[in-house]
Amino acid sequence: MRSLPLPLALTVRLAPVAVLATAGWALSSGPDSSPAAKDKTPPDPTNRSASAPATEAVTKTYAAAPAPCESLAGKTVGSLVPGAKTDGTEIPSTDTDARRTCSWNALKGYDYRWLDVSFEVMESDEAALKSYKERVADRSGGGEVPGLGDAAYSVVNLTTEEKQQTREGTVLVRASNALVMITYNGSDFESKKAPDTGEINKGAIKAAKEAVAALTDGHTG
């Protein structure tokens, strides 16, 4: 196999959230014996919660991101990224509880494939939903993926650089307070063509389903 330079876009990618209410009376030096005082009824302590501000801690379904390189079965990696080491490479993160990513990539013959699996855990379902909507809005031309997480979106795009085509699929999933993102792309360096849309989209969705299952298994286990 002759040695072929990778397109610039792929080369760059490879370099990789008291007020204390008093109960009862404020006492002076002695009890108040005035008529008005006799008519007073001490407040019922059980009713204090109705007027006092309540602070509730947000319950997070997912407290930390799972190990991303363990989220896909070896046979899945082998089918989506032929020639890649199944253990993958985890990308360094400044906060591994909040976000973790694993990458697999390989060139087999003239066919190149790249796969990323990313988990991001947020403080609440609302925060994850807001981020999900913003990210979907930035990726037009795709569609919903039914039956995956609380919401899922898939889109495939084709780019051409120096006559070399690359087709990339992205699947974004929200599951409670977590986001799962799959990025899957491919190129043929001999024909200069890219894999068809169906192949890339199907592969990205397959990886997304396994990644979401790994997220759920990590929580229940």
Side-chain angles (χ1 to χ4, degrees), residues 13 17 58-81 84 86 88-91 93 95-105 113-159 166-186 194-221:
R13 187 169 186 182
V17 145
V58 176
T59 301
K60 299 193 297 183
T61 301
Y62 303 107
C69 293
E70 299 174 9
S71 63
L72 301 185
K75 63 180 181 179
T76 300
V77 174
S79 66
L80 298 180
V81 191
T86 57
T89 301
E90 183 163 356
I91 307 304
S93 171
D95 187 350
T96 55
D97 283 340
R99 59 187 64 83
R100 297 178 72 175
T101 299
C102 187
S103 288
W104 296 264
N105 63 86
R113 295 292 184 274
W114 179 293
L115 175 64
D116 282 351
V117 175
S118 298
F119 295 97
E120 187 168 355
V121 174
M122 300 188 175
E123 290 301 313
S124 66
D125 289 17
E126 291 73 17
L129 178 58
K130 181 176 183 292
S131 181
Y132 173 83
K133 289 181 176 179
E134 290 173 347
R135 298 184 194 194
V136 167
D138 289 338
R139 295 171 171 82
S140 61
E144 295 181 358
V145 182
L148 185 55
D150 294 310
Y153 178 84
S154 173
V155 62
V156 178
N157 291 307
L158 176 68
T159 59
T166 299
R167 183 165 272 117
E168 180 169 284
T170 301
V171 178
L172 180 64
V173 185
R174 182 184 77 84
S176 298
N177 63 308
L179 295 180
V180 179
M181 180 178 283
I182 305 298
T183 304
Y184 180 50
N185 67 43
D196 63 40
T197 299
E199 177 185 342
I200 293 298
N201 191 49
K202 182 179 178 181
I205 292 174
K206 178 179 176 63
K209 289 179 178 179
E210 287 195 22
V212 172
L215 176 71
T216 304
D217 290 346
H219 170 65
T220 57

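Since the structure is predicted, the reported quantities are computational estimates derived from the model, not experimental observations.
- Nearest heavy atom pair, residue S176 against residue D150, reads N-OD2, 2.5 Å.
- Distance alone, capped at 3.5 Å, places no donor-acceptor pair between the S71 side chain and the A67 backbone.
- The CG atom of D116 lies 8.5 Å from the CD atom of E168; values are rounded to the nearest 0.5 Å.
- Rounded to the nearest 0.5 Å, atoms CD1 (I91) and OG (S103) are 4.0 Å apart.
- In this structure N157 satisfies the side chain to side chain contact (heavy atoms under 4.5 Å, CB included) test together with V155, sequence neighbours excluded.
- Side-chain N or O atoms of S131 include none that pairs as donor or acceptor with a backbone N or O of A128 at under 3.5 Å.
- A salt bridge between E126 and K130 is absent, with no side-chain N of the basic residue lying under 4.0 Å from a carboxylate O of the acidic one.
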Apply side chain to side chain contact (heavy atoms under 4.5 Å, CB included) to R167 and T197, showing your working.
CA-CA 7 Å; R167 183 165 272 117; T197 299; 3.2 Å; yes
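- The shortest heavy-atom contact between L158 and A194 is CD1-CB, 3.9 Å.
- Panel note: side chain Y153, backbone T170; no donor-acceptor pair is recorded below 3.5 Å.
- Between E199 and R113, at least one side-chain nitrogen of the basic residue sits less than 4.0 Å from a carboxylate oxygen of the acidic one, meeting the salt-bridge criterion.
- To the nearest 0.5 Å, atom CG of residue D95 and atom CD of residue E120 are 10.0 Å apart.
- Two residues are said to be in side-chain contact when any heavy atoms from C-beta on lie closer than 4.5 Å; Y184 and L80 meet this criterion.
- Atom-to-atom distance recorded for I182:CD1 and K206:NZ is 12.0 Å, nearest 0.5 angstrom.
- For the pair S154 and V145, the tightest heavy-atom approach, listed with the atom from each and the gap, is CB-CG2, 3.5 Å.
- At least one side-chain heavy atom of V121 sits less than 4.5 Å from a side-chain heavy atom of N177.
- Looking at every heavy atom in both residues, V77 comes nearest to T86 through CG1-CA, 4.1 Å.
- Between L215 and V180, the closest side-chain pair of non-hydrogen atoms falls below 4.5 Å.
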Assess the residue pair K60 and M122 against the criterion (side chain to side chain contact (heavy atoms under 4.5 Å, CB included)); give the C-alpha distance rounded to whole Å, side-chain angles, the decisive distance to 0.1 Å, and a yes or no.
CA-CA 8 Å; K60 299 193 297 183; M122 300 188 175; over 6 Å; no
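- Using a 4.5 Å heavy-atom cutoff, the side chains of Y132 and L172 are in contact.
- Of all the heavy atoms in V173 and A208, the pair that sits closest is CG2-CB, 4.4 Å.
- Salt-bridge check for E210 with K75: failed, with every basic side-chain N at 4.0 Å or more from each acidic carboxylate O.
- Across G186 and P195, no two heavy atoms sit closer than the pair O-CD, 3.2 Å.
- Atom OG1 in T101 sits 8.0 Å away from atom CD in E90 (nearest 0.5 Å).
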Applying side chain to side chain contact (heavy atoms under 4.5 Å, CB included), run through L115 and N105 and close with a yes or a no.
CA-CA 6 Å; L115 175 64; N105 63 86; over 6 Å; no
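- In this structure, OG in S118 is found 11.5 Å from CZ in R100, a value given to the nearest 0.5 Å.
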